[in-house]
Each structure stands twice: as structure tokens, then as C-alpha cells.
Amino acid sequence: MSTVSTANGGISFWYAEEGTPAPREPLPGDSSADVCIVGGGYTGLWTAYYLKKAVPFLNITVLEAKFCGYGASGRNGGWLYNGIAGRDRYAELHGHDAAVRLQRAMNDTVGEVIRVAGEENIDADIHHGGVLEVAHTPSQLARLKDFHSVEIAFGETDRVLRGARETAERIRVSGAVGSSWTPHGARLHPAKLVKGLADTVAALGVTIHESTPVTEIRPKHAVTPYGTVRAPYVLRCTEGFTAGLKGHRRTWLPMNSSMIVTEPLTESLWATIGWDGRETLGDTAHAYMYAQRTADDRIALGGRGIPYRYGSATDNDGRTQPATIEALRDLLVRFFPTTAGTRIDHAWSGVLGVPRDWCATVTLDRSTGLGWAGGYVGSGVATANLAARTLRDLIQQDSGQAGPTDLTALPWVNHKVRRWEPEPFRWLGVHALYAAYRTADRRESASTHLGTDRLAKVANRISGRH
């Protein structure tokens with residue numbers, strides 16, 4: 001199918017449908033605040049929200065390079081779910097019980113986002129249908145069963161394992177041999193959530209300056225071309241765009257992910273697919289996919305295209321490569337053969353933040369007042385909310401307004417991550433690893449062997465994935 005008629009870029013389909021927000025004023029010059037937050041995505045806005053709710057008299061300034069939700073918060077797949085990057089590593093470092101506490105906090109976070117959206121009248125097309133992850137091959141099924149058992153061991157006793165027939169009763173994914181479902185997930189419209197959250201934060205009295213890129217963060221200073229904001233606390237909430245800050249080129253790797261969205265499907269076509277529960281949908285391939293059934297009955301589906309640009313470069317408008325669009329369309333048809341003649345209305349891409357050990361973190365350096373949260377590795381829609389509440393508690397504890405909390409004791413707090421390798425080793429390594437994952441997926445598809453392909457195991461060890 002030709003992609004000539006497919007809109008490409010323009011930030012994302014979510015904004016093509018919703019429209020970009022009216023611009024807020026840039027920083028007019030030097031200013032001061034009690035807390036300066038760099039980044040107007042989910043992490044920065046949720047942090048501003050919870051801090052302002054906890055301490056209404058705080059003077060909080062948010063600085064955003066483009067507009068709130070320009071980055072991953074306005075380009076993601078709309079998965080509000082309980083996955084968190086690095087949980088297994090935290091179990092190794094701090095013990096199983098500590099990792100269970102982190103997982104339970106993530107489980108609760110799904111409901112917390114839904115609660116706040118309702119309380120603040122943010123209509124983000126949220127549907128609490130859970131998350132369904134499917135397996136296509138014997139190797140994927142073995143991996144799925146192991147995954148299911150591990151999740152139960154981390155306290156998710158309400159998770160359900162389904163065979164091929166039970167899976168087809170929920171959603172007819174071609175060739176699916178099994179699935180695992182958790183209730184701790186919901187579908188949402190990413191741009192509606194971030195726009196509603198930005199409006200809510202502004203209405204609370206938080207100052208938001210857009211079109212204000214921060215070039216350098218140092219203790220008590222956020223430096224922009226228009227002036228410097230001075231504050232006792234400066235929080236870096238820039239996720240995949242962190243590499244653009246002075247001194248942070250190798251802090252987190254900006255990994256690219258791409259998406260397509262179909263035209264609205266007819267009732268007769270949906271009858272061949274099912275998906276009445278509107279669960280978010282994923283798989284257990286090494287180069288995995290993610291999808292949702294949108295509120296207006298499209299399929300939005302994503303996966304890796306070109307995983308990384310040399311020098312930690314990031315794109316401007318979300319444009320993705322034609323070959324990636326075709327690969328995602330092929331994946332769509334492989335999952336749902338009856339969509340073969342369906343038009344692809346939009347394609348786009350964005351970046352997510354990947355730490356060297358694949359562990360999401362929240363940090364407040366009490367000696368400098370610098371804080372940060374991120375490295376969500378694609379699980380940021382919910383994780384950003386938990387990170388924001390944790391930053392709130394850390395700042396209140398540091399300022400003497402409150403004591404330690406359950407959140408400040410979670411194992412991801414103040415976790416230290418080593419930097420990524422310099423170029424060209426960073427580029428060569430990432431592309432080699434993802435070539436290995438794609439090769440492993442092809443070999444598993446052609447095999448009846450139950451184990452994970454050895455090439456994927458080697459890639460996991462090298463990359464630091466757990």
C-alpha cells in the first residue's frame with residue numbers, strides 16, 4: 001500500500017486531531033521562583049500539580065522549549081499501565097520486598113491518574129480495560145508464561161493467563177497462542193491528557209513559559225536565551241530531550257519509537273477483530289509492538305523504527321521514515337489480516353529516555369537542590385505520575401515541611417546510573433543490539449524451540465536490559 005496519502009509528522013496524530021494548544025508567553029527575562037521545573041511534559045506538569053496542591057503558596061515556574069506535550073507526552077501510544085523500567089534490577093540491589101513496594105505503587109498509580117483526571121474534569125478518552133500481551137510463537141509463549149509468573153511473584157495476583165481460544169474471545173490476533181492480561185492499565189488520548197493537565201496547573205497559579213529552551217541547568221539556576229530563572233530547587237524533567245542540555249549528552253539515550261494510526265474502522269471490520277474490551281495491546285517479541293483501539297475506533301500501533309540517531313540527535317516534528325511506516329503497516333496486517341485494505345491516516349515518531357541500565361529513577365540532590373526524574377524506557381504515561389509525587393515528597397522532606405514517606409523510601413529514589421558510551425560506540429552498539437533483536441524474532445518465528453533465542457540473550461546482557 002502506498003504511503004503517499006499518509007500524513008507524516010506534524011508532531012503526532014493526537015495533535016492533528018486535537019490541534020496544537022494556543023502558545024503561552026516565553027520567559028520575559030531574569031526571574032526567580034521557589035521551584036523551577038524544566039520540561040512541560042507529564043513529569044514536569046504532574047510535579048507542578050502535586051507541589052502546588054500540597055503547598056499552594058509555592059512560586060512554581062515551568063519552562064518548556066516548545067509547548068507543553070511537544071515531546072513524548074504528546075506522541076506516545078496512550079498506555080496508562082503499571083510497567084516500570086528497572087524493577088528486576090531494584091530487586092537485585094534492594095531485595096524482593098523493596099521491588100514489590102515499587103510495583104504496588106505503580107499498580108496504584110493507574111487509578112491515581114484516572115482519579116485526578118476525573119476530579120479535574122480532564123477528558124482524555126480514558127477507558128480502563130487493562131493490558132493484554134500476546135504471544136505468537138513457542139518461544140514467545142514460554143517467555144509470556146515466565147513473565148506472567150514473575151508478575152504474580154511481584155504481587156500482581158489479579159493477573160490472568162489465557163490460552164489461544166480464550167485470547168481469541170477477547171481479541172482475534174492472527175496466530176496468537178496465548179496471552180496475559182492485567183487490570184492495571186487503561187487506554188487514553190495522550191494529547192488530551194497533557195493539554196488538560198497544563199490548563200489545570202496554570203489555573204492553580206503555576207507560571208508556564210513556553211518557547212523557552214533551557215540550555216543549561218546548574219545549582220539554583222535554569223539558563224535560557226531569554227534570561228535565567230533562579231530557584232532553590234531546579235528539577236530536570238526532560239526525558240528523551242535530556243541529551244540536548246549542556247553536560248548531559250550521555251546521561252540518557254534518546255530512543256526513537258514510531259507509530260501509525262488507521263482510518264476509523266467500520267463495524268463489520270471490528271466484528272472480525274473483536275477488541276470490545278478496548279484493552280491496550282502488546283506482544284512478547286524482542287522488538288515489541290504496542291497498540292490501542294482509539295475512542296473513534298481507529299487502531300493506533302507503534303514499534304521501533306530507526307532506534308537511535310547519531311550523536312543523540314532528536315527530530316523536530318515527528319516525521320518518520322517511509323520504510324518504518326510500511327513495516328508497521330505490515331505488522332498491523334499480520335496481527336489483523338482483515339485490515340489489509342485499510343488506509344493509514346497518520347504516521348509519526350518521538351523519543352523516549354533510556355538510561356544505561358534501563359532503570360527509571362527519581363533523584364533530589366540535597367546539597368545542590370537539583371532534582372530529576374525519568375528514564376522511563378517507554379513506560380512513562382503512568383510512571384511520570386509516580387515520579388512527580390515522589391519529587392513532591394522529596395522536596396517537602398528537604399525543606400522541612402514533611403518527613404519521609406512511603407514514596408521517598410522506594411528503591412528507585414537516588415539510584416545512580418553510569419553514562420552511555422561516547423560516539424561512535426553508542427550508535428554502533430544500539431544499532432547492533434536492535435539488529436540482534438530483530439534477527440532473534442525472525443529465528444524464533446521459524447523455530448519450534450521453546451527457549452529465548454541465544455542472540456537475544458546475549459543482546460540483553462550487553463544492553464543491560466532485565
Side-chain angles (χ1 to χ4, degrees), residues 23-52 54-55 57-74 194 197-198 201-202 204-252 254 312 314 351 353 361-376 380 384 387-388 390-396 398-399 414 419:
R24 295 179 173 90
E25 293 297 320
L27 182 71
D30 291 342
S31 69
S32 61
D34 297 317
V35 180
C36 179
I37 297 171
V38 180
Y42 290 146
T43 305
L45 293 174
W46 279 124
T47 302
Y49 175 82
Y50 286 111
L51 275 171
K52 195 67 173 176
V55 190
F57 62 78
L58 276 182
N59 178 6
I60 302 171
T61 294
V62 176
L63 302 177
E64 165 55 42
K66 299 288 188 177
F67 60 82
C68 290
Y70 170 82
S73 299
V194 74
L197 186 56
V201 165
L204 289 174
V206 173
T207 300
I208 301 175
H209 291 298
E210 296 180 325
S211 301
T212 305
V214 172
T215 56
E216 182 182 2
I217 295 173
R218 58 178 188 261
K220 299 180 172 52
H221 295 76
V223 181
T224 85
Y226 310 120
T228 297
V229 178
R230 292 170 174 79
Y233 298 102
V234 180
L235 308 180
R236 190 186 80 227
C237 303
T238 48
E239 191 55 359
F241 291 89
T242 300
L245 292 167
K246 182 178 179 180
H248 289 284
R249 180 69 65 186
R250 293 163 53 197
T251 298
W252 289 333
S312 293
T314 54
V351 296
T361 56
V362 181
T363 297
L364 180 66
D365 185 338
R366 303 184 71 172
S367 66
T368 63
L370 295 178
W372 56 90
Y376 304 132
T390 305
L391 277 173
R392 171 203 61 193
D393 288 2
L394 287 169
I395 287 174
Q396 286 197 275
D398 183 70
S399 62
N414 295 332
R419 288 156 63 83

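Throughout, residue positions are numbered sequentially from 1 according to the sequence presented.
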**Study point:** From Thr61 atom OG1 to Ile208 atom CD1, the distance as rounded to the nearest 0.5 Å
**Key:** 10.0 Å

Review point. Tell me, do Val55 and Phe57 make a side-chain contact under 4.5 Å, heavy atoms counted?
Key: yes

Exercise for review: Check whether any side-chain heavy atom of Val234 lies under 4.5 Å from a side-chain heavy atom of Val38, and answer yes or no.
Suggested key: yes

Practice item. For the residue pair Pro213 and Tyr226, establish whether any side-chain heavy-atom pair is separated by less than 4.5 Å. Key: yes

**Study point:** Interatomic distance, Leu245 atom CG to Thr238 atom OG1 [nearest 0.5 angstrom]
**Key:** 5.0 Å

Point to revise | Between Thr251 and His248, a side-chain donor and acceptor under 3.5 Å | key: yes

Point to revise | Donor-acceptor pair between Asp398 and Tyr233 side chains, under 3.5 angstrom | key: yes

Review point. What do the steps show when you test Thr212 against Val214 for side chain to side chain contact (heavy atoms under 4.5 Å, CB included), and what is the final call?
Key: CA-CA 6 Å; Thr212 305; Val214 172; 5.5 Å; no

Review point. Does any donor atom in the side chain of Thr43 or Tyr376 lie under 3.5 Å from an acceptor atom in the other side chain?
Key: yes

**Study point:** Derivation and outcome, side chain to side chain contact (heavy atoms under 4.5 Å, CB included), residues Phe67 and Arg24
**Key:** CA-CA 8 Å; Phe67 60 82; Arg24 295 179 173 90; over 6 Å; no

Point to revise | Ser32: side chain to side chain contact (heavy atoms under 4.5 Å, CB included) partners, not counting sequence neighbours | key: none

Practice item. Decide yes or no on side chain to side chain contact (heavy atoms under 4.5 Å, CB included) for Cys36 and Leu235, but give the supporting numbers first. Key: CA-CA 6 Å; Cys36 179; Leu235 308 180; over 6 Å; no

Exercise for review: Step by step, work out the side chain to side chain contact (heavy atoms under 4.5 Å, CB included) result for Leu51 and Val35.
Suggested key: CA-CA 9 Å; Leu51 275 171; Val35 180; 4.1 Å; yes

Check your understanding: With a 4.0 Å cut-off, would you call Lys66 and Glu64 a salt bridge?
Key -> no

